[in-house]
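Below: one structure, written as structure tokens.
Both counts, for ligands and for their atoms, begin at 1 and track the order of listing.
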Amino acid sequence: MKVYINGKFYEKKDAKISVFDHGFLYGDGVFEGIRSYNRLAFKLKEHIDRLFESAHSICLEIPLTKVQLLEAVCDTLRVNKLDNAYVRLIISRGEGDLGLDPRKCKGNASVVIITDRIALYPEKLYKEGMEIITVPTIRNLPEALNPQIKSLNYLNNILAKIEAINCGYEEAIMLDSLGYVAECSGDNIFIVKRNELYTPPQCMGTLRGITRDTILEIASKKGIAVHEHVITRHEVYIADECFLTGTAAEVIPVVKVDGRKIGSGSPGSLTLRLISEFRKSTKREGIRY
Ligand code: PXG
């Protein structure tokens, strides 16, 4: 597997970044997780737009244009001869000194593109649904570190993941500072009640997920009502269906939350329909490479 670093390809063992890079020292940088299906990079433009927004928000100048970055992602996929892949696109502040001051980072930000084979949850979980729990760590306050910024500092999410794993679960519901359901450690959350969809609004400490947006798009095309509305844990417990969305997990049903069975206790019919529609869209949409 070859890794792209600042315009050059390196073998995995030689793909290295300085320990003085502020991405390593402080998590000072931004990233995206992208997938490709049958040589179509799914929603690549949307991921690159979000990356530029994250970078702009932290005053980080990406040393490539959007078109150049899109080409670099496609080149990396081609060089690695990957038809189906997971892509990690990382922009870090670059090499500086041991202080916080980003002005000390001489030269450009570092651009890294790593590709890998797709790591999915086992297919069984998509058929039978997963069990998740609410964890004590709340999502970052938007006023402090806005979850819209996909920064390299993911400790907030990692703490939630650790708390879920310590309790024997793979994914965690994170609440916002008011106690409403925000999202999961690496996924957005949806519930279904009376055949209508509900998902927390993005202003409440929730990342505007690209998979979430794809589900909203599919729902509107199919005439399914969607409410971007605050959700309480109680509303999750009494929902007819629940599912999570994310580039890594795609769309995955949830059948138990905090020990409460959701709906019938197996993946709901609307969830299964949306999984099927989502998979169809990954087959026809994207940037060909
Ligand atoms: N919320 C958070 C906090 C995320 O990190 C999503 C929602 C879903 O967004 P997209 O745009 O992918 O639909 C994410 C996704 C992982 C992993 O291993 C997930 C993400 C980043 C890194 C790793 O599951 N982000």
Would you tabulate the side-chain donor-acceptor contacts of residues 218-231 under 3.5 Å, counting partners in other chains and residues two or more places apart, or write 'none'?
unit_1 : atom_1 : unit_2 : atom_2 : d
Ser220 : OG     : Glu217 : O      : 3.3
His227 : NE2    : Glu196 : OE1    : 2.7
Glu228 : OE1    : Arg212 : NH2    : 2.8

cation_pi(Lys283, Tyr37) dist<6.0 Å, angle<=45: no

Could you list each N/O atom of ligand 1 together with any protein N/O atom closer than 3.5 Å, one pair per line with the distance?
unit_1   : atom_1 : unit_2 : atom_2 : d
ligand 1 : 1 (N)  : Glu183 : OE1    : 2.6
ligand 1 : 5 (O)  : Lys150 : NZ     : 3.4
ligand 1 : 5 (O)  : Tyr154 : OH     : 2.5
ligand 1 : 11 (O) : Arg50  : NH1    : 2.9
ligand 1 : 11 (O) : Arg50  : NH2    : 2.9
ligand 1 : 11 (O) : Ile210 : N      : 2.7
ligand 1 : 12 (O) : Thr247 : N      : 2.9
ligand 1 : 12 (O) : Thr247 : OG1    : 2.5
ligand 1 : 13 (O) : Ile210 : N      : 3.2
ligand 1 : 13 (O) : Thr211 : N      : 2.9
ligand 1 : 13 (O) : Thr211 : OG1    : 2.6
ligand 1 : 25 (N) : Lys150 : NZ     : 2.7

Sidechain N-carboxylate O distance under 4.0 Å for Asp213, Arg208: yes

Could you tabulate the donor-acceptor pairs under 3.5 Å formed by side-chain atoms of residues 124-136, not counting sequence neighbours?
unit_1 : atom_1 : unit_2 : atom_2 : d
Lys124 : NZ     : Glu128 : OE1    : 3.4
Tyr126 : OH     : Ala249 : O      : 2.7
Thr134 : OG1    : Asp258 : OD1    : 3.3
Thr134 : OG1    : Asp258 : OD2    : 2.7

Test: Arg35 cationic atom under 6.0 Å from Phe42 six-membered ring centre, within 45° of axis: no

Atom pairs and distances, donor-acceptor, side-chain atoms in residues 113-121, under 3.5 Å, two or more places apart:
unit_1 : atom_1 : unit_2 : atom_2 : d
Thr115 : OG1    : Asn80  : ND2    : 3.0

